[in-house]
Protein chains: 2
Amino acid sequence: MTKPPTRIQQRNRAAILSAGLDVFSQFGFRGTTLDQIAETAGLSKPNLLYYFPSKEAIHAALLERLLDTWLDPLKALDGSGDPIAEIMGYAQRKLAMSRDFPRESRLFANEILQGAPRIERILQSDLKELVDEKAAIIQAWADAGKIAKIDPHHLIFSIWALTQHYADFDVQVRAVLGDKAPYDGAAVFLESLYEKLLRP
Amino acid sequence: MTKPPTRIQQRNRAAILSAGLDVFSQFGFRGTTLDQIAETAGLSKPNLLYYFPSKEAIHAALLERLLDTWLDPLKALDGSGDPIAEIMGYAQRKLAMSRDFPRESRLFANEILQGAPRIERILQSDLKELVDEKAAIIQAWADAGKIAKIDPHHLIFSIWALTQHYADFDVQVRAVLGDKAPYDGAAVFLESLYEKLLRP
DNA sequence: CCTTGTTTTGACCATTTGGTCAAATGCAAG
DNA sequence: CTTGCATTTGACCAAATGGTCAAAACAAGG
């Protein structure tokens, strides 16, 4: 029986994960040092390693937590709902995740950029399975004439690309937009884009 | 007067830049080691440093070469051409760059993800200027009723996001698509998407 | 084949990095 | 206040890392 974590454990583990998210999402696994995480978390390096056995373990914990929630918006896409509203809702939920959890988005992006060594399996099994399932729903909608005929896989890719872009390329977006806030304009743009793309 | 490079110099500098592109584009600046580059280039580490004075210098040379060509497709967008064909052409050129130069795309993505420390200035000056100029052209087309009324900046972002996604998230795309080739489907999808989005 | 400049390398160095450990400190229940 | 466990830390280590340097190997023209 594992003992329940003390208050100190909860606080420090949370601080480490948040610090790790900060640093890993910016520099990737190999570009991140334990000292960086320790300093960001406000702990000494040996103290870090009292809570997590290794750099790998921190990274793994973050990835696991991420994968748990990352696909929720897609899972929520409901085959019995209104097609256009469902897809639109998915895109907007995903955009909200970019706005509210940009570090998570960048952590994921970094992992994929590096060839996804730690999650390739999951991509090929769980992710592919989920996407294929939802793509079939979208295909059925298209076949029934409820939405326009488009490739459902590329439709899903387009939602990923368009929404994550605002988190992953944040610096570039802000450099180009100056001081204008990105997300309101993005929401309007996406709404209009998918409205026109999906209308049969 | 600087001496012309010998054949050996040309060959080795090219090998180093190609190796650096391989490694930097995968692991980012901090995640990359000189030994990795040296091994990929088939040279010893001191020999590497005979051709480039430092890791920084290799990275800087790559970024400079990249920025030179990266914006060419957008520069080619012609205000006096046919609006829809021009934008469509830009999207397809950009998609071709993702297909033909995925390492360059990932090098850029890595740099932006890390906060663009080495190119933020350029983004804020040159890139913003270019984008604003082309956005004005697109805005004029919209005002004249030649294309639909959409936010030109977000339109440009959408082209970046949709095309670079296939290079930067290559692993994920292939995991989901299985063995189907991504780029033909992507080209068709983009064509249809922008056709519908832009038609007034 | 000799000279001169180019290219390559083995040995080396200081710093950084991931990680260990024994000892010290903090803390809460009895 | 003490005892026992949780927490923290300073000192340390081996390996990796970016980089240097003098000497060796090589190439080409005279």
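Each chain gets a letter, A, B and so on, in the order the sequences are listed, and its residues count up from 1. Only heavy atoms go into these numbers, but all of them, side chains included; no hydrogens, no water, no symmetry mates.
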Would you say [X] and [Y] make side-chain contact, with heavy atoms under 4.5 Å?
| X | Y | result |
| --- | --- | --- |
| Leu107(A) | Arg103(A) | no |
| Asn12(B) | Tyr50(B) | no |
| Arg106(B) | Phe101(B) | no |
| Asp132(A) | His153(A) | yes |
| Trp70(A) | Ser105(A) | yes |

Answer yes or no for Lys149(B) and Trp141(B): cation-pi contact, defined as NZ/CZ to six-membered ring centre under 6.0 Å and angle to ring axis within 45°.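 Lys149(B) over Trp141(B) ring: no.
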Identify whether NZ of Lys or CZ of Arg in Arg30(B) sits under 6.0 Å from the centre of the six-membered ring of Phe27(A) and within 45° of that ring's axis.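 Flagged: Arg30(B) positioned over aromatic ring of Phe27(A).
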Give, ordered by number, those residues of residues 23-34 of chain B having at least one heavy-atom distance below 4.0 Å to an atom of DNA chain C; if nothing qualifies, reply none.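 Contacting residues: none.
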Among residues 35-43 of chain A, which ones have heavy-atom contacts with DNA chain C below 4.0 Å?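 Correct list: empty, so none.
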Is Ile8(A) reachable from Leu43(A) through a run of hydrophobic residues whose side-chain heavy atoms are each under 4.5 Å from the next?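 Yes; tracing contacts between hydrophobic side chains, which count when under 4.5 Å, links both residues.
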Considering just the side-chain nitrogens and oxygens of [X], establish if one lies under 4.0 Å of OP1 or OP2 belonging to [N].
| X | N | value |
| --- | --- | --- |
| Ser44(B) | dT9(C) | yes |
| Tyr50(B) | dT8(C) | no |
| Asn47(A) | dT9(D) | yes |
| Asn12(B) | dT8(C) | yes |

In whole Å, what is the span from the [atom1] atom of [X] to the [atom2] atom of [N]?
| X | N | atom1 | atom2 | value |
| --- | --- | --- | --- | --- |
| Arg11(A) | dA6(D) | CZ | C1' | 13 Å |
| Leu49(B) | dT17(D) | CG | P | 14 Å |
| Leu48(A) | dG18(C) | CG | C1' | 11 Å |
| Lys55(B) | dT15(C) | NZ | P | 18 Å |
| Ile58(B) | dT17(D) | CD1 | C1' | 14 Å |

With a cut-off of 6.0 Å (strictly less than), are more than 12 heavy atoms of other residues, nucleotides or ligands near CD of Glu195(A)?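 Counting other residues, nucleotides and ligands, CD of Glu195(A) exceeds 12 neighbours.
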Parallel, tilted or perpendicular for Tyr166(A) and Phe157(B), by the 30°/60° rule?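 Geometry flag for Phe157(B) against Tyr166(A): perpendicular rings.
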Ring-plane angle category for His59(B) and Phe24(B), please: parallel below 30°, perpendicular beyond 60°, tilted otherwise.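 If you compare the ring of His59(B) with that of Phe24(B), the planes turn out perpendicular.
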For Tyr51(A), report the nucleic acid contact type (base, sugar-phosphate, nothing); a contact means any heavy atom under 4.0 Å.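 Sugar-phosphate, no base atom in range.
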Gln9(A) side-chain proximity, nearest of dT6(C), dG18(C), dA6(D):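 From the listed options, dA6(D) comes nearest.
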Quick one: which of dT6(C), dT8(D), dG19(D) gets closest to the side chain of Thr6(B)?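 Of the candidates, dT6(C) comes closest.
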Letter by letter from the 5' end, nucleotides 21-30 of chain C scores (B base, S sugar-phosphate only, - none; protein heavy atoms under 4.0 Å) B---------
Under 3.5 Å, is there a donor-acceptor pair between the side chain of Glu86(A) and the main chain of Gly81(A)?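 Answer holds: no.
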